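It should be emphasised that the depicted structure is a prediction, and the values quoted were computed from it without experimental measurement.
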Amino acid sequence: MALTTFCFTISLILCSFMVDFASASGDYGYGSKPQLFHTPMFHVKEKPLPIGIEGFILCKSGPKTIPIKGGVARITCLAVDVNGYQTAPFSILSKPTDSKGYYFATLYPNELNHNKLKLAECKAFLEKSPLETCKVATDVNKGITGAPLSYRRLLDNKKMTLFSVSPFIFSNGY
């Protein structure tokens, strides 16, 4: 009986040491946090890269499809604030298309950061055609309802993130 009491007492003492050791090693208010000798990578904040959006604007007249010089696309984005609430949409216009119908627009996310906003979603839309004979916007590739940006890649040694949009089509209305 004395041996049983002795073993029980030793077991209680050992258990109390284990509880003390476990609570001191975890951060439950009893021990101090270990000193870090390096900064974890997730604490480093990088400047967001500019975003490029590219695509083509074409004119479909009968069986022919030709590029439109001087066409413009609109890029509309939603942003989210620090509390997770969406902001009102904002838009930018592309530069006018070249003779091949190619347009390009640039967004600068770092301009949003002073307001603590993050881009949530962007879409491209047909905006304008300079051709009187080809001014009717079509929803081919979601030119009217809004085409999501796709095919992302990094450019020029990571100085820009480039998104492409499928070609948009104006028609003569027939």
Side-chain angles (χ1 to χ4, degrees), residues 27 36-174:
D27 186 22
L36 294 178
F37 295 104
H38 67 282
T39 303
M41 288 302 290
F42 55 85
H43 289 299
V44 177
K45 292 192 177 193
E46 293 183 20
K47 182 179 171 184
L49 295 175
I51 297 171
I53 299 101
E54 68 177 356
F56 288 90
I57 299 176
L58 308 171
C59 172
K60 175 97 171 137
S61 181
K64 288 186 174 183
T65 304
I66 59 170
I68 295 177
K69 182 178 180 179
V72 176
R74 176 175 37 93
I75 314 303
T76 300
C77 298
L78 294 173
V80 177
D81 67 14
V82 293
N83 298 317
Y85 294 106
Q86 283 187 347
T87 63
F90 64 92
S91 295
I92 63 165
L93 297 177
S94 70
K95 294 179 181 175
T97 55
D98 63 13
S99 62
K100 295 178 183 175
Y102 177 80
Y103 68 87
F104 189 82
T106 307
L107 283 169
Y108 296 95
N110 60 339
E111 292 176 1
L112 297 171
N113 282 344
H114 72 279
N115 292 329
K116 306 273 193 245
L117 300 176
K118 292 184 179 182
L119 285 177
E121 178 185 4
C122 295
K123 291 184 177 184
F125 299 84
L126 274 172
E127 180 68 19
K128 119 181 159 167
S129 170
L131 303 177
E132 289 299 323
T133 58
C134 201
K135 279 191 168 257
V136 179
T138 69
D139 204 31
V140 172
N141 296 323
K142 300 186 177 185
I144 295 173
T145 57
L149 307 183
S150 62
Y151 188 67
R152 187 182 103 168
R153 62 187 172 141
L154 295 177
L155 286 183
D156 294 330
N157 205 7
K158 300 183 181 182
K159 291 183 183 174
M160 177 178 282
T161 303
L162 181 67
F163 289 86
S164 298
V165 177
S166 297
F168 290 148
I169 308 286
F170 280 102
S171 76
N172 57 10
Y174 299 115

State, yes or no, whether a side-chain contact exists between [X] and [Y] at a heavy-atom distance under 4.5 Å.
X	Y	result
F125	K123	yes
L58	F168	no
L162	E54	yes

Rounded to the nearest 0.5 Å, what separation is found between the [atom1] atom of [X] and the [atom2] atom of [Y]?
X	Y	atom1	atom2	result
F170	C59	CZ	SG	9.5 Å
L149	C122	CG	SG	5.5 Å
C77	F90	SG	CZ	4.5 Å
T106	I53	OG1	CD1	7.0 Å

TODO: Please collect all salt bridge (Lys or Arg N to Asp or Glu O under 4.0 Å) contacts where either partner lies in residues 84-103, sequence neighbours excluded, each pair once.
DONE: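 Non-adjacent pairs meeting salt bridge (Lys or Arg N to Asp or Glu O under 4.0 Å): zero.
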- [ ] Say whether, by atom type as modelled, one donor and one acceptor occur between the side chain of S129 and the main chain of K135 under 3.5 angstrom.
- [x]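 Flag not set: sc S129 to bb K135 has no pair under 3.5 Å.
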Open item on the list: Taking Y103's backbone N and O only, do any of them form a donor-acceptor pair with T97's side chain (distance below 3.5 Å, no angle check)?
Closed with: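 Absent.
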Open item on the list: For K69, is the NZ atom crowded, meaning more than 12 foreign heavy atoms sit under 6.0 Å from it?
Closed with: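 12 or below, so no.
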Under 3.5 Å, which donor-acceptor pairs do the side chains of residues 138-148 form with other protein atoms, sequence neighbours left out?
unit_1: T138; atom_1: OG1; unit_2: V140; atom_2: N; d: 3.4
unit_1: T138; atom_1: OG1; unit_2: I169; atom_2: O; d: 2.6
unit_1: D139; atom_1: OD1; unit_2: G143; atom_2: N; d: 3.4
unit_1: D139; atom_1: OD1; unit_2: I144; atom_2: N; d: 2.9
unit_1: D139; atom_1: OD1; unit_2: T145; atom_2: N; d: 2.9
unit_1: D139; atom_1: OD1; unit_2: T145; atom_2: OG1; d: 3.2
unit_1: D139; atom_1: OD2; unit_2: T145; atom_2: OG1; d: 3.3
unit_1: N141; atom_1: ND2; unit_2: P167; atom_2: O; d: 2.6

Looking only at non-hydrogen atoms, find the nearest pair between [X] and [Y] and report the distance.
X	Y	value
I92	A105	CD1-CB, 4.0 Å
P67	G101	CB-N, 3.5 Å
A73	I57	N-CD1, 3.9 Å

- [ ] Among residues two or more places apart or on two chains, list those pairs meeting ring-ring contact (aromatic ring centres under 6.0 Å, His included) that have a residue in residues 54-87.
- [x]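 Every pair satisfying ring-ring contact (aromatic ring centres under 6.0 Å, His included) with a residue in residues 54-87: F56-Y102.
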Task: All pairs passing ring-ring contact (aromatic ring centres under 6.0 Å, His included) where residues 57-77 contributes a residue, at least two apart - done: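 Non-adjacent pairs meeting ring-ring contact (aromatic ring centres under 6.0 Å, His included): zero.
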Open item on the list: Does T133 form a side chain to side chain contact (heavy atoms under 4.5 Å, CB included) with N172? I'd like the steps, not just the answer.
Closed with: CA-CA 6 Å; T133 58; N172 57 10; 5.5 Å; no
TODO: Please assess Y108 against L49 for the test side chain to side chain contact (heavy atoms under 4.5 Å, CB included), listing each intermediate value before the final yes or no.
DONE: CA-CA 7 Å; Y108 296 95; L49 295 175; over 6 Å; no
TODO: Using the test side-chain hydrogen bond (donor to acceptor under 3.5 Å, both in side chains), find all partners of T87 that sit at least two apart in sequence or belong to another chain.
DONE: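 Partners of T87 under the side-chain hydrogen bond (donor to acceptor under 3.5 Å, both in side chains) test: none.
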- [ ] Using the test side-chain hydrogen bond (donor to acceptor under 3.5 Å, both in side chains), find all partners of T76 that sit at least two apart in sequence or belong to another chain.
- [x]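 For T76 the side-chain hydrogen bond (donor to acceptor under 3.5 Å, both in side chains) partners, ignoring immediate neighbours, are R74, S91.
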